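Throughout, protein chains are lettered first and strands after them, A, B, ... in sequence-line order, and every chain is numbered starting at 1. This one's a predicted model, so the numbers in the text were calculated from it and none came from an experiment.
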2 protein chains.
Amino acid sequence: MINKIRIAIDMDEVIADTIDKFIELYKREHDTVIRLDQMDGKEFNEMLPEDIKQTLKAYIHQPGFFRDLKVMPGAREVVKELCDKYDVYIVSAAMEFPNSLIDKYNWLAEHFPFISWKNIIFCGNKIVDTQIMIDDRIRNFVGFKGRTLLFSSPHNHFITEYERVNNWREVADKLL
Amino acid sequence: MINKIRIAIDMDEVIADTIDKFIELYKREHDTVIRLDQMDGKEFNEMLPEDIKQTLKAYIHQPGFFRDLKVMPGAREVVKELCDKYDVYIVSAAMEFPNSLIDKYNWLAEHFPFISWKNIIFCGNKIVDTQIMIDDRIRNFVGFKGRTLLFSSPHNHFITEYERVNNWREVADKLL
């Protein structure tokens, strides 16, 4: 048996659309409209008016927050194809939000049922032994010796030091 | 800053006494006495009478099962000391039992509060980039390139191919 190349794939803002959820939430609950096309170089938190900035953290810690995120366009189809060619791991820094653990597990079971529990990693620091890492946070690339693909998200818009993928079509073009 | 050597430390039967819980549970709920000194080379499951063998899996999947395990003797003290010298990661194959995720997180917060969420990894396959791994399951050593310390547990009693530690005092002797 030939060992497949291992890929680590992040969840939030890579396969799960966290920002879409934030935008909908603040429109509905706080009458605050945040536009995705004005977010370049910024975290969602920085977009919020001062008086409601603190609410964000509370939302993220709520049970259920991560359970109903939309799947990023094309993610399911491309990840499924990647699984034929690679040993695909879903690696999420879920440990920061312990209530997210079971939500993220159930979300993956619903939307990515072809990913075995053996290939799911919830952690803090991403010290994984893989050859490729797809992530929107460059802090997760620190110390990683393999090939890094920076998945575009508004907050990383102005970062130029890494090989970049803007969407799942571009991941497919590079890896399939 | 000099990077510390990283250690991956398993939970069940290494820092958390799963077998003790099983023994107490089957004595109390099934009037079945299992003796630790008769378990050499066997999984707990193999010790149970046929008619109640199937109950084990149900217990492990119950919410709360992993929340009240005893800490293995000496584990807390030695792991705390290891944290001064090493970059210590707790790495558990918790993903097999999704209800265990929050229990294990809370158990660690209670008994090992000096372990940051950044240093906790819940996974299936243990594809971690560490230099040392302490584990009772040799399947977790497959593909791991670092130093392995097989932590003694009845089921691994007859395995001779790995450097072994019988308890936390022996871990301290080897690593501190």
**Q** Specify which of A:K145, A:K118, A:R6 makes the most heavy-atom pairs with chain B at under 4.5 Å.
**A**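 Counting heavy-atom pairs under 4.5 Å, the top option is A:K118.
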**Q** Would you check if the side chain of A:D136 reaches a backbone N or O of A:V14 as a donor-acceptor pair within less than 3.5 Å?
**A**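 Absent.
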**Q** Is the side chain of B:K85 donor-acceptor paired with the backbone N or O of B:L175 at a distance under 3.5 Å, no angle test?
**A**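 Side chain of B:K85 to backbone of B:L175: a pair is present.
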**Q** Pick whichever of B:L101, B:N99, B:T130 has the most heavy-atom pairs under 4.5 Å with chain A.
**A**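 Among B:L101, B:N99, B:T130, the one with the most close pairs to chain A is B:L101.
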**Q** Please look at B:S116 and chain A and tell me whether the side chain, the backbone, both or neither of the residue comes under 4.5 angstrom of a heavy atom of that chain.
**A**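 Neither part, no heavy atoms under 4.5 Å.
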**Q** Please report the closest heavy-atom contact between B:G124 and B:A93, naming both atoms and the distance.
**A**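 Minimum heavy-atom contact is O-CB, 3.8 Å.
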**Q** Chain A heavy atoms under 4.5 Å from B:K126: which part of the residue, side chain, backbone, both or neither?
**A**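 The answer is neither part of B:K126.
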**Q** Which atoms of B:F144 come close to chain A, meaning under 4.5 Å heavy atom to heavy atom: side chain ones, backbone ones, both, or neither?
**A**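 For B:F144, no heavy atom lies under 4.5 Å from chain A.
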**Q** With a 4.0 Å cut-off on N to O distance, would you call B:R35 and B:D37 a salt bridge?
**A**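 Yes.
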**Q** Please state whether the side chain, the backbone, both or neither of B:F122 comes within less than 4.5 Å of a heavy atom of chain A.
**A**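 Interface part for B:F122: both.
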**Q** For a quick test of reading the model, state the closest non-hydrogen atom pair linking B:P154 to B:L36 and the distance between them.
**A**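 Taking B:P154 first and B:L36 second, the nearest heavy atoms are CG-CD1, 3.9 Å.
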**Q** Would you mind reporting whether B:Y105 and A:M95 have side-chain heavy atoms less than 4.5 Å apart?
**A**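 Sidechains of B:Y105 and A:M95: in contact.
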**Q** Name the option with the most non-hydrogen atom pairs under 4.5 Å to chain A; the candidates are B:C123, B:A109, B:A8.
**A**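 Most pairs with chain A among the choices: B:C123.
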